[in-house]
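First up is the structure itself, then whatever we jot down about it.
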Amino acid sequence: MTALDLVAALATLVLVIVADLRWWRVAQREHYGPGRVLAMTGIWLRAVPLGLLGLVALVVCALAGVPYPLMGVVAAVVLVAWPPGLVLWRSEKKLAFTARVKRLVALTVGLQVVVTAVLLPLGAVSFLPLLAVPLVEVALLAAQPIEARLNKRWQVSAAEKIKRVSPRVVAITGSYGKTSTKNYVTHLLQGRWSTLASPASFNNVLGLSRAVNDRLEPGTDVFVAEMGTYGPGEIASLCEIFRPEVSAITTIGEAHLERMKNRETIVRAKSEILPPASTVVLNVDVPELHEIAERMRAEKRVIAVSAGEHPEAEVVVRRAEDGGWELVLSGAAHPVRLPADVGHPTNVAVAVGLAVALDVPEKTLLERLPGIPATPHRAEATTGADGVAVIDDTFNSNPTGAARALAHARELAGESGRVWTITPGMMELGHRQRERNAALAVDATGDERSTLCVVGRTNVPALLAGEKERTKRFASREAATAWVRKQARAGDVILFENDLPDHYP
């Protein structure tokens with residue numbers, strides 16, 4: 001081993017650690033899920049083929065570095081710039097050096113130092129850049145039990161506070177519609193009960209624990225907990241800490257097919273919210289939930305809700321013959337006024353079902369329904385001074401919601417306005433992703449007054465499936481917005497459908 005070997009090894013290690021800045025940020029943006037860094041690497045390689053050349057260069061340099069150690073340094077330099085387009089450091093939305101990130105950094109660097117020490121006598125330090133991303137994944141796996149142990153105290157504290165304050169716990173899950181439904185039911189419950197809801201989209205164990213530890217006060221009657229999941233077991237764990245009296249599933253969809261692989265797994269993961277509750281509220285327009293509702297009626301109170309497909313449900317929210325809305329409670333129809341930018345009627349129906357489960361009087365429900373709040377970035381519609389309407393649906397990434405937002409845009413545009421859809425497409429749809437994005441493209445270019453503006457690179461092949469003359473490509477949402485603003489006229493509608501995080505291509 002020569003001094004040159006040592007210098008080359010040290011330089012390679014330092015450059016690899018610099019390149020790790022990119023992957024630590026990806027890990028943070030992907031909620032530290034093991035496997036997600038490799039998954040994002042694959043997404044970048046598929047979207048930006050030039051990255052494959054970089055991968056080939058890494059392999060060639062690694063092999064050449066056995067007889068020539070300085071090639072390891074070259075490989076590390078390639079790694080710092082790879083994959084092209086995924087920047088190393090951002091001045092905005094940069095890597096936040098939280099305590100959790102610092103632990104991940106320590107684990108990653110420790111692993112890379114050990115691997116360097118093993119490779120050095122073998123003359124194979126040049127392989128370290130090839131191992132950089134896998135080693136970040138190993139660090140994420142190693143961090144899981146550490147983080148679980150450190151977070152336990154917050155969970156214990158939240159569980160003790162729930163027991164001490166003793167609110168009635170309402171738990172809501174679903175493939176989508178969770179946050180909107182949570183906001184709706186909180187508004188309805190506040191007509192009778194002192195109610196606290198988990199903020200924003202805080203729907204994992206740390207978010208819910210923080211909401212309870214920081215905001216749950218004595219005298220709170222109801223705690224509304226939104227519960228999310230990336231796979232079986234997670235919601236069951238949440239229910240052990242925040243045991244629900246009433247649980248609801250808004251819908252079953254394709255939002256997490258990438259992680260859960262099939263619809264059956266999604267149903268199983270979401271259904272974990274039901275066993276602890278004495279009352280369940282289920283959207284029976286979904287076949288699987290209709291089946292679960294029928295099966296559970298023998299063991300607990302079931303409130304079936306519908307957007308009109310099952311008029312025999314206990315709660316139905318549907319369009320009336322005059323074009324307005326009506327609420328059906330146990331067979332009795334009531335005309336109601338809902339805000340113009342209200343989300344899907346199913347979400348309203350689930351919220352009403354939950355309020356009924358908690359004994360909110362019918363009179364209170366009818367009085368408060370017109371004031372249910374919009375949920376930020378979920379089909380929010382505003383009209384500017386220039387007469388151009390804007391629908392902000394940037395938080396949505398599911399086929400049903402996208403189709404609904406497009407229909408709403410056409411409704412606002414009427415017979416003379418144009419609809420301009422700006423989107424990077426939908427993600428995390430697994431084997432359905434290409435098909436669903438192609439269908440979105442066809443829908444968004446379905447008539448002469450519709451234009452689709454495709455941004456980014458992730459879903460480009462699928463989003464080019466629409467009418468070519470009415471499809472435009474842009475490098476960024478900002479560029480697309482600037483172009484559309486120059487074309488749009490009073491009466492037109494600009495729909496922002498989804499907005500990918502900036503670590504996506």
Side chains of residues 493-501: which donor-acceptor pairs under 3.5 Å do they make with residues two or more places apart or in other chains?
unit_1 : atom_1 : unit_2 : atom_2 : d
Glu497 : OE2    : Asn396 : ND2    : 2.5
Asn498 : ND2    : Ser397 : OG     : 3.4
Asn498 : ND2    : Gly425 : O      : 2.7

Could you tell me whether the side chain of Thr108 and the main chain of Leu104 form a donor-acceptor pair under 3.5 Å?
yes
With side chains defined as the heavy atoms from C-beta onward, is the minimum distance between Val80 and Leu88 less than 4.5 Å? yes
Is the closest side-chain donor-acceptor distance between Glu234 and Tyr230 under 3.5 Å? no
Could you walk me through whether Leu208 and Ile241 satisfy the side-chain contact (heavy atoms from CB on, under 4.5 Å) test, starting with their C-alpha distance in whole Å, then the side-chain angles of each, then the deciding distance to 0.1 Å, before giving a yes or no?
CA-CA 10 Å; Leu208 292 175; Ile241 304 169; over 6 Å; no
### Message
Side chains of Thr250 and Thr173, heavy atoms from C-beta outward: is any pair under 4.5 Å?
### Response
no
Those residues at least two apart in sequence (or on a different chain) that pass side-chain hydrogen bond (donor to acceptor under 3.5 Å, both in side chains) with Ser180 are Thr375
Without placing hydrogens or testing angles, list every side-chain donor-acceptor pair under 3.5 Å for residues 8-18, not counting sequence neighbours.
unit_1 : atom_1 : unit_2 : atom_2 : d
Thr12  : OG1    : Ala8   : O      : 2.7
Thr12  : OG1    : Val73  : N      : 3.4

Between Glu226 and Thr179, does any side-chain donor sit less than 3.5 Å from a side-chain acceptor?
-> yes
- Could you tell me whether the side chain of Val460 reaches within less than 4.5 Å of the side chain of Val454, counting heavy atoms only? yes
Can you tell whether the side chains of Arg263 and Glu254 come within less than 4.0 Å, N to carboxylate O? no
Which of Leu282, Val286, Ile252 passes side chain to side chain contact (heavy atoms under 4.5 Å, CB included) with Ile292? Answer is Leu282
### Task
Taking the side chain as every heavy atom from C-beta outward, state whether Val169 and Arg243 have any atom pair closer than 4.5 Å.
no
Hits for ring-ring contact (aromatic ring centres under 6.0 Å, His included) against Phe97, two or more places apart or cross-chain, chain-then-number order -> none
Exercise. Between Asp502 and Lys94, is the closest basic N to carboxylate O distance under 4.0 Å?
Worked result: no
Is a side-chain donor or acceptor of Ser209 paired with a backbone partner of Val205 at a separation under 3.5 angstrom?
yes
For Leu196 and Ala211, the nearest pair of non-hydrogen atoms, with its separation, is CD2-O, 4.2 Å
Between the side chains of Asp5 and Thr2, is a donor N or O closer than 3.5 angstrom to an acceptor N or O?
-> yes
If you define the side chain from C-beta out and look only at heavy atoms, does anything of Val66 sit under 4.5 Å from Met71? no
Under 3.5 Å donor-acceptor, Glu467 side chain and Gly446 backbone: no
When you compare the side chains of Thr251 and Tyr176, does any donor N or O come within less than 3.5 Å of an acceptor on the partner? no
- prompt: Got more than 12 heavy atoms from elsewhere within 6.0 Å of CZ, Arg210?
  reply: no
Checklist line | Flag, side chain of Ser450 to backbone of Thr445, donor-acceptor distance under 3.5 Å | finding: no
Exercise. Under a 4.5 Å cut-off applied to non-hydrogen side-chain atoms, are Arg436 and Leu440 in contact?
Worked result: no
**Prompt:** Looking only at side chains, do Gln433 and Asn459 share a donor and an acceptor under 3.5 Å apart?
**Reply:** yes
Check: Are the side chains of Pro399 and Met426 in touch, meaning some heavy atoms are under 4.5 Å apart?
Finding: yes
Applying side-chain hydrogen bond (donor to acceptor under 3.5 Å, both in side chains) to Thr346 and not counting sequence neighbours gives His344
task = For the pair Arg404 and Asp393, evaluate salt bridge (Lys or Arg N to Asp or Glu O under 4.0 Å) and give the outcome as yes or no after the intermediate values.
result = CA-CA 10 Å; Arg404 186 171 67 244; Asp393 202 31; over 6 Å; no
Using modelled atom types and a 3.5 Å cut-off, is there a donor and acceptor pairing between side-chain atoms of Asn151 and backbone atoms of Glu147? yes
### Query
Got a donor-acceptor contact below 3.5 angstrom from the Thr220 side chain to the Pro167 backbone?
no
Checklist entry - So, Lys182 side chain and Lys178 main chain: donor-acceptor pair closer than 3.5 Å or not? => result no
| request: Could you tell me whether the side chain of Asn437 and the main chain of Ala462 form a donor-acceptor pair under 3.5 Å? | output: no
Notebook entry, point to check: Quick one: does Ser247's side chain have a donor or acceptor within less than 3.5 Å of a partner on Ile273's backbone?
Noted result: yes
*Compute the ring centroids of Trp82 and Trp44, then answer whether they are less than 6.0 Å apart.*
no
Pair Glu137 + Arg36, salt bridge at N-O below 4.0 Å = no
Verify whether one side chain among Trp154 and Asn213 offers a donor that lies under 3.5 Å from an acceptor in the other.
no
I'd like to know if Arg259 pairs up with Glu30 as an ion pair, taking the criterion as any Lys NZ or Arg NE/NH1/NH2 lying under 4.0 Å from an Asp or Glu carboxylate oxygen. yes
* Start with the C-alpha distance between Glu478 and Arg485, add both sets of side-chain angles, then the distance that settles salt bridge (Lys or Arg N to Asp or Glu O under 4.0 Å), and finish with yes or no. => CA-CA 11 Å; Glu478 291 74 19; Arg485 282 291 185 185; over 6 Å; no
message: Do Pro199 and Arg215 have side chains that approach each other closer than 4.5 Å (heavy atoms only, starting at C-beta)?
response: yes
With a 3.5 Å cut-off and no angle check, do the side chains of Glu258 and His431 form a donor-acceptor pair?
no
What's the verdict on salt bridge (Lys or Arg N to Asp or Glu O under 4.0 Å) for Arg432 and Glu435, showing C-alpha distance, side-chain angles and the deciding distance?
-> CA-CA 5 Å; Arg432 297 284 190 187; Glu435 175 189 348; 3.1 Å; yes
Anything under 3.5 Å between a donor and an acceptor, one on a side chain of residues 110-135, the other on a protein residue two or more places apart or in another chain? List them.
unit_1 : atom_1 : unit_2 : atom_2 : d
Gln112 : NE2    : Asp20  : OD1    : 3.3
Gln112 : NE2    : Asp20  : OD2    : 3.0
Thr116 : OG1    : Gln112 : O      : 2.6
Ser126 : OG     : Ala62  : O      : 2.7

